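Whatever order the structure lists ligands and atoms in, that order sets their numbers, starting from 1. Just so it is clear, the model here is predicted, and its values are computed rather than measured. What's counted below: heavy atoms across the whole structure, side chains too, no hydrogens, waters or symmetry copies.
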Amino acid sequence: MTFNVEQIRKDFPILERETANGKRVIYLDSTATSQKPTQVIEAMNDYYRRSNANIHRGVHTLAEEATALYEGARERIAKFINAAAPREIIYTRNTTESINLVAYAWGRANLKAGDLVVLTEMEHHSNLVPWQMLQAERGIELEFISVTEDGLLDLESYKKLLERSPKLVSFAHMSNVLGTINPAQEIIRLAHEAGALALVDGAQSVPHLKVDAQALDADFYAFSAHKMCGPTGVGVLYGKSALLESMPPFLGGGDMIKEVKLRSFRPNSLPHKFEAGTPAIAEAVGLGAAVDYLTAVGMDEIAAHEHEVTAYALERLEEIPGVKLFGPAANQKGGVASFTLEGVHPHDVAQILDQDGIAVRAGHHCAQPLHEKFGIPATSRASFYLYSTKEEVDLLAQGVYKVKEMFG
Ligand code: 7TS
C-alpha cells in the first residue's frame, strides 16, 4: 500500500469535526494522545456487541471468544515489537504503570541502599518519580545522563556513570519534548557491558518507529496503547521471559494465581502472573486492532511521512522571528516541535491558536526537570502523526504569526 495521507485521514472521523466557533480541528497534539481510526473504534464496538464476557474463567461460548480475542491481541502485539513470545507481553494500564511495575516488582526484589539507577535529564515524570519513590524507601542512588544544548544525550557523561556499575539504566527511546530519538541499541549494549539491565520508556517510540525488542536487546520495554491509535486504559510492559519469571508478582488478586490457600498462594505462569484482576479486555482488543492498522499502513512509511512533516514544520517555525525551537535537527528527531515565542507565554500561544481550531499543548509536558535545564518554565508543543499534513503546518505557522501580531 502506498502512503496516502488524505486516504488515511478518512479513517479518523474526529478529524472531520469542527470546534465551537466553526473551525476545522487541526490536531497537533498526538504526543499527548493519538486519534483513533474507525478500525479500532469498531473492533471495540464489535467486542461489546458480540463477545463481551470475562476472560479465563468460563467454558461458555462468549467467555471463550473474549479470551481468544484478548490473547489474540497479545500475540499480534508480540509480533509487532518482535518479542520472542506472547508471554513476554504484560498488559498494564499505560507506560506509567509498566514502569511502576518494574520499580515495584523488580526494583524492590533486587535493589538495596547504595545501588545505582541511571536515568536521563530528558525523562518524562513517569520515569523519574517511581525511582524517586524507591530512593526514599530504599536509599538507592539516582544519577542522570546529561542532555546537551542541542537536546541530545551526552554519551560521555553516560560512560562515566557506567564506571560506577549501575544496576539499571532506564531511559526514553524518544523524548516527548525534544523529539530526540536516542541511540537505544548503543545505550543498552553499554549498560549490559557494565552489568546493568536496561528499561526503555517506549511511550513515544512504539507509535512512530519500527521497534524490535530482541534486536535492541532491551530487558524491559514500556508503552501505551493510546498514543498508537489505540484506546486509553491499556498499555504494555515487555520483559525478557527469564527476567519476568524471576520477579515476584506486582499486584495480588484474581487471575495472577495458580492456587490460593488461606495463608499462602502460588503465582500463575507468565504473562498472567502480572495481570491481577479483570483486565481492560475491550481495550486490549482495541490495541490489537491498532497494531493491525499500523502494520497495514507500514511503520517505515509512517516514520517517513512524519519525518517529512516535521522537517517542514521546523523550517516554517524557524523562519518566524522570536521563535526558539528546542531539540535536535529533523534527522535526529521524531514528530515533535517544541518552541517558545519571545515575549508571549506558551499558554497564550496555545489559547490563541485554539481560536483557529489548532490544538497544541503548552506547559512542561510532564518533563519539568528538562525545562528547568533549559531555563524555561514551559514550551508550546506541536506534534505530528500519520494523519498530519503540511497544510496543517502552514496553518500553524500562520497562527503563530497572528499571535505575534496580537502581542505586538
Ligand atoms: N513516557 C513518555 C516519554 C511520555 O511521553 C509519556 C506521556 C509517558 C511516559 C506516560 O505515558 P502514559 O500513557 O502512562 O500517561 N506523554 C505525554 C505528553 O507528552 N503529553 O501528555 C502525555
Side-chain angles (χ1 to χ4, degrees), residues 27-36 77 90-104 119-133 144-145 147 151-153 169-182 184 187 198-209 211 218 220-238 250 280 283-284 286-287 290 306 310 326-328 333-339 346-347 350 359-371 378-385 388:
Y27 188 74
L28 302 179
D29 196 18
S30 292
T31 292
T33 198
S34 76
Q35 295 304 346
K36 323 301 176 196
I77 296 160
I90 311 293
Y91 287 123
T92 61
R93 277 191 308 140
N94 46 38
T95 304
T96 303
E97 188 175 283
S98 298
I99 295 171
N100 275 274
L101 192 165
V102 177
Y104 276 84
L119 308 167
T120 88
E121 290 177 340
M122 65 168 76
E123 295 314 304
H124 187 279
H125 297 164
S126 295
N127 195 28
L128 290 172
V129 180
W131 307 111
Q132 293 170 351
M133 288 164 69
F144 305 88
I145 305 173
V147 173
L152 300 173
L153 287 182
V169 176
S170 186
F171 66 99
H173 197 162
M174 174 175 146
S175 161
N176 66 319
V177 177
L178 305 170
T180 317
I181 298 170
N182 290 314
I187 294 171
L199 161 59
V200 184
D201 172 350
Q204 297 301 342
S205 42
V206 173
H208 304 281
L209 313 167
V211 167
F220 298 108
Y221 201 104
F223 56 101
S224 298
H226 71 93
K227 295 186 198 285
M228 53 188 287
C229 296
T232 53
V234 71
V236 168
L237 175 68
Y238 158 86
F250 173 36
E283 287 76 6
L287 174 54
E306 279 179 34
T310 308
F326 293 84
K333 71 194 263 167
V336 183
S338 293
F339 63 94
H347 280 111
V360 303
R361 203 175 185 83
H364 53 61
H365 317 297
C366 294
Q368 247 178 323
L370 179 67
H371 282 77
T379 49
S380 303
R381 181 187 69 185
S383 54
F384 314 105
Y385 205 8
S388 305

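- Taking the six-membered ring where tryptophan is involved, the planes of Phe250 and Tyr104 are tilted, since the angle between them lies from 30° to 60°.
- Across every non-hydrogen atom of Leu153 and Ile187, the tightest pair is CD1-CD1, 3.8 Å.
- For His364, the ring-ring contact (aromatic ring centres under 6.0 Å, His included) partners at least two apart in sequence or on another chain are His125.
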Ligand 1: which protein N/O atoms lie under 3.5 Å from its N/O atoms?
| residue | atom | partner | partner atom | Å |
| --- | --- | --- | --- | --- |
| ligand 1 | 1 (N) | Asp201 | OD1 | 3.2 |
| ligand 1 | 1 (N) | Asp201 | OD2 | 2.5 |
| ligand 1 | 5 (O) | Gln204 | NE2 | 2.7 |
| ligand 1 | 13 (O) | Ser224 | OG | 2.7 |
| ligand 1 | 13 (O) | His226 | NE2 | 2.7 |
| ligand 1 | 14 (O) | Thr95 | N | 3.4 |
| ligand 1 | 14 (O) | Thr96 | N | 2.9 |
| ligand 1 | 14 (O) | Thr96 | OG1 | 2.5 |
| ligand 1 | 16 (N) | His124 | NE2 | 3.4 |
| ligand 1 | 16 (N) | Lys227 | NZ | 2.9 |
| ligand 1 | 19 (O) | Asn176 | ND2 | 2.8 |
| ligand 1 | 19 (O) | Arg381 | NH1 | 2.7 |
| ligand 1 | 19 (O) | Arg381 | NH2 | 3.4 |
| ligand 1 | 20 (N) | Arg381 | NH2 | 3.2 |

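- Taken to the nearest 0.5 Å, the NZ atom of Lys36 stands 7.0 Å off from the NE2 atom of His226.
- In this structure the side chain of Tyr91 reaches within 4.5 angstrom of the side chain of Ile77, judged on heavy atoms.
- Closest heavy-atom contact between Pro346 and Ala362: O-CB, 3.3 Å.
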